[in-house]
Each structure stands twice: as structure tokens, then as C-alpha cells.
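Below you'll find the structure, written out as C-alpha cells, and then a few comments.
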Amino acid sequence: MGGANGKSGLRVWRNARLATMADGVAGLGIVEKGAIAARDGLIVYAGAEASMPASAGQGVDTVDCEGRWITPGLIDCHTHLVYAGNRANEFEMRLAGATYEEVARAGGGIVSSVKSLRAANEDDLVAQTLPRLDALMAEGVTTVEVKSGYGLDLDNEKKSLRAARRLANERPVTIRTTCLAAHALPPEARGDKDAFIDLVAATILPDVAAEKLADAVDGFCEGIAFSPEQIARVFEKARALGLPVKLHADQLSNLHGAALAASYGALSADHLEYTDEAGAAAMAKAGTVATILPGAYYFIRETKKPPVDLFRRHGVKMAVATDSNPGTSPLTSLLLTMNMAATLFGLTVDECLAGVTREAARALGLLDKAGTLEAGKSADLAIWDIERPAELVYRMGFNPLHARIWRGQ
Ligand code: DI6
Ligand code: FE
């Protein structure tokens, strides 16, 4: 779409309907008969075409959108996209009646992904991850958060994070990396969780931070993973290193992970099926985003839903993400994820769309750069062949993307 860049480097998309998703504006921030102008990869104007300054709209590379809708490029703010192999065999075992525990005892679970990842070299990891990234991008995704957490030792955590960073060289997409070394206990730790947390805090995080391989730090606070006290030690170190934190919290039980995350000013707390009112209140006070992950809920047939009404009542912002991972959410469609968030948890269309744009940007600490169609932000756009925005949430397995623009291209 569109020709070569105009001399001025200015590009304009006109004759469009905009869902700007601007913060503090009611609903989707809709502009009928809208236009967007971008220069050097940044939006310089987004609004009514009739009000576009002449300087933004003349003698430039102009695209007629023929009445199509434009939203911000979608943002998947919680993925474990970098992994090797898959766990379809465990899926079959579970379908045959095996429980998670039985699967884990048979060598499955997170540890089987750790084995596969350790055996793969960095090039393999990148190559195996690209098809998943391509699937996300094909639906208009322009920013993806990618966690480590299947390496679980210094070299393999770094290998994962380097592979994640390399995705941004291979594709026109923004990648944000998160160090999730405190994800699970590796076999060589022989059951000693405290010793492993020592390794994470004393060695893995400082090294990863020194090489600038991670933009944030995450942990898994759960009976089957790490206690609130152990996560607090990880967060203390992250704070000392100047890295923002996020947390897998209250997914399978209520260890008050949401409140813990909030007490460290976390960017987000994620999953949250078992979060209580005190947790929601703490998140609201800290400005911690609730990241809703319906893919994992669906895939492991969880029945406890996240307390969406509590989040609304307390004014907690909600993001929506795939949690793409080989064990509990082998999902690479943010459009389907929105449908799940609406159908399973009762999110409105507006909440779903905000969840994969503005609130996802907030959950990554990127709201000043992405997530809405506003001047000054990255010109990351998704242009859709739809009549109304609800179609993006309503369909299952259909992709109405017309064009995807990343940094103006
Ligand atoms: N919660 C999850 O659902 C995934 N990680 C996490 O902390 C599970 C990841 C896996 O099973 O591979
Ligand atoms: Fe996750």
C-alpha cells in the first residue's frame, strides 16, 4: 500500500475511521472521516481529516483507506514466545485423563521445555520462534513482550533473552524482553528453592542487567513455583538494578501475589484468577495493570475467573494478552484472545480493544510511545476490513487485517 516516501518523509492515511484509544476519552476515541500523518516513524497528526493542518497533508505519500478502520497496532504484553519444541504429547496425555502432576512426573511440564530449550542453540531458538511471531504479526501486532524462563541458569536465560532481542532484527516489530528466571525450579537445584533464588538474585539478574538483555523482571508466585518471600527477594534485586517488575500472580491459588506486586509498584500483575478485593485495591493504588490471560484459563480448563468486576470497581486498568507458551496457552492469536476475554470473562468490546492497545502499552511501561493513535507516538497502525470495531472481538479464526504499519512503514 502506498508508494515511496515523499520528499518530506511524511506519510498520510486518509479517508479512514479511527479508534484512537486515547487515554481519558470515552469509549474507543472514535473519529469518523479521520486521517493520520506520520513523519520519521512518529505520528504527527491523528484526528479529523478536515482539521488536519495543511503542512501535514500536502505533497506527500498519501494512502486512501477507503473508509477502513484504523486502530493502534496491537500489543501482546505477556508471552513466553521463545521456546523449543512443543508439548503436544502432554496435551494428549491430559486428554487421555492424566493430571498435571502425572504429566510432570512423567518428565513433562515446564521442565520438559527447559530440557528442549537448553538443547537448542540460539539460531534454532530464533528460527523456531519466528513462525509464532509471524502469526501474531499477521493479525496486526506491532509490539510483543517476550519472557525468558525456560533456561533457568545463567547461560540459558541469556540465550533466551538474546534470541528474543534478535527477533526485532528479523522482523519489523518492537520486542520488549522480560527476565523470568524465577519461573520454576530447574532439576539441578534438587528441590532447594531458596538456593535457586540466591542464584537468580546474586548472579542471573545482575548479569542480565549488565548486558541490558531485559527490560523488566517477572516471577511466578505460586505453590508449585515460588513463595511471596522468595519473589520479594527477586523484586528487591530488580529494584536495586533499576528494572521494573511484573508478576504471575494468583493464577492457581491466592498467595496475595497481586498485593505483593503492587507493593513493588509493578507495571502489571498477570493471570489473577484468585485475586481478592484487597489485591485489587492495592493494584489500583499502585497503578499496577491487571493482565488478563484467557488462553491459559481455557487451555487448562480453569473454572475460577479473574475478578473483573472488582477491577472495574476499583479502577484497575485491564490488559489482555495471549500468554503464548507451550504448556498452558499455545495461542498465537490476539484476536481470538479478545474473543475469549469477552466470552469467558465478560469484558466489553471497548475493554478488549483497550486491553490489546493502550492498557497493554501501559503494562509494558510504553504508554508514552505506543498504544494509542496520538501525535508523538510511534506510527504503529493496524488497518482493518471491518464495518465496526466489535467485529475484531466477535469473530473466531478469521483475520480481517488489511495492512499493518510499524513505525510508519
Ligand atoms: N504460568 C503459566 O501458565 C505458564 N507459566 C506460568 O508461570 C506455564 C508455562 C509452561 O507450562 O510451560
Ligand atoms: Fe505467563
Side-chain angles (χ1 to χ4, degrees), residues 76-91 93-94 98-104 106-118 128-129 132 144-152 156 160 164 176-186 193 200 216-227 230-231 234 245-253 255 257-258 261 266-275 289-302 304 306 319-332 334 337 340 360 363-364:
D76 194 349
C77 69
H78 179 139
T79 85
H80 309 247
L81 211 61
V82 168
Y83 59 83
N86 65 65
R87 309 227 298 269
N89 61 324
E90 292 179 19
F91 179 59
M93 287 168 71
R94 281 203 297 124
T99 65
Y100 266 113
E101 233 185 347
E102 288 162 347
V103 167
I110 292 179
V111 166
S112 84
S113 291
V114 172
K115 244 193 204 159
S116 309
L117 183 133
R118 287 179 174 181
Q128 290 196 43
T129 303
R132 295 188 279 272
V144 182
E145 185 259 14
V146 181
K147 301 175 195 300
S148 64
Y150 294 118
L152 306 185
N156 286 294
S160 306
R176 300 292 281 185
T177 60
T178 301
C179 182
L180 176 58
H183 189 200
L185 201 61
K193 291 184 179 179
V200 172
V217 169
D218 196 346
F220 189 14
C221 185
E222 193 60 65
I224 59 165
F226 299 103
S227 69
Q230 289 160 340
I231 293 296
V234 172
V245 299
K246 327 167 71 63
L247 189 63
H248 285 69
D250 309 337
Q251 180 185 6
L252 308 169
S253 62
L255 295 186
L267 289 172
S268 69
D270 304 36
H271 285 291
L272 305 173
E273 277 79 350
Y274 288 82
T275 298
V289 175
T291 300
I292 304 292
L293 304 169
Y297 171 94
Y298 166 87
F299 195 73
I300 65 175
R301 299 188 198 163
E302 176 61 71
K304 181 112 170 71
V320 173
T322 63
D323 195 17
S324 192
N325 79 68
T328 61
S329 189
L331 171 61
T332 48
L334 207 41
T337 305
M340 289 178 172
L364 295 178

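Please read all numbers here as calculations on a predicted model, not as lab measurements. Numbering of ligands and ligand atoms starts at 1, following listing order.
Within ligand 1, counting atoms from 1 as listed, the ones closer than 4.0 Å to a heavy atom of Ile110 are 9 (C), 10 (C), 11 (O), 12 (O). Heavy-atom proximity to His248, at under 4.0 Å, picks out these atoms of ligand 1: 1 (N), 6 (C), 7 (O).
Taking any N or O of His80, backbone or side chain, none lies under 3.5 Å from an N or O belonging to ligand 1. Checked by distance only, ligand 1 and His183 come closer than 3.5 Å through their nitrogen or oxygen atoms.
Looking at Ser324, its side chain does come within 3.5 Å of a backbone N or O of Leu331 through a donor-acceptor pair. In this structure, the side chain of Ser148 engages the main chain of Leu180 through a donor-acceptor pair within 3.5 Å. Using modelled atom types, no side-chain atom of Glu222 and backbone atom of Ile224 make a donor-acceptor pair closer than 3.5 Å. Between the side chain of Ser329 and the backbone N or O of Asn325, no donor-acceptor pair lies under 3.5 Å.
Nearest to atom 3 (O) of ligand 1 among the protein's heavy atoms is Thr328 OG1, 2.7 Å. Among protein heavy atoms, atom 12 (O) of ligand 1 sits closest to Tyr150 OH, 2.6 Å. With hydrogens left out, the protein atom closest to atom 11 (O) of ligand 1 is Arg87 NH2, 2.8 Å, a heavy atom. The nearest heavy-atom contact from the protein to atom 1 (N) of ligand 1 is Gln251 OE1, 3.0 Å.
At the Fe ion (ligand 2), the vertex angle linking OD1 of Asp323 with NE2 of His78 is 80° (nearest 10 degrees).
Put simply, His248 gets within reach of the Fe ion (ligand 2), with an N, O or S atom under 2.8 Å from it.
Judged purely by distance below 3.5 Å, without hydrogens or angles, the side chains of Thr322 and Asp76 pair a donor atom with an acceptor atom.
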side-chain hydrogen bond (donor to acceptor under 3.5 Å, both in side chains) evaluation trace for His248 with His78
CA-CA 10 Å; His248 285 69; His78 179 139; 3.0 Å; yes

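Salt bridge annotation for Lys147-Asp218: present, with a cationic side-chain nitrogen under 4.0 angstrom from a carboxylate oxygen.
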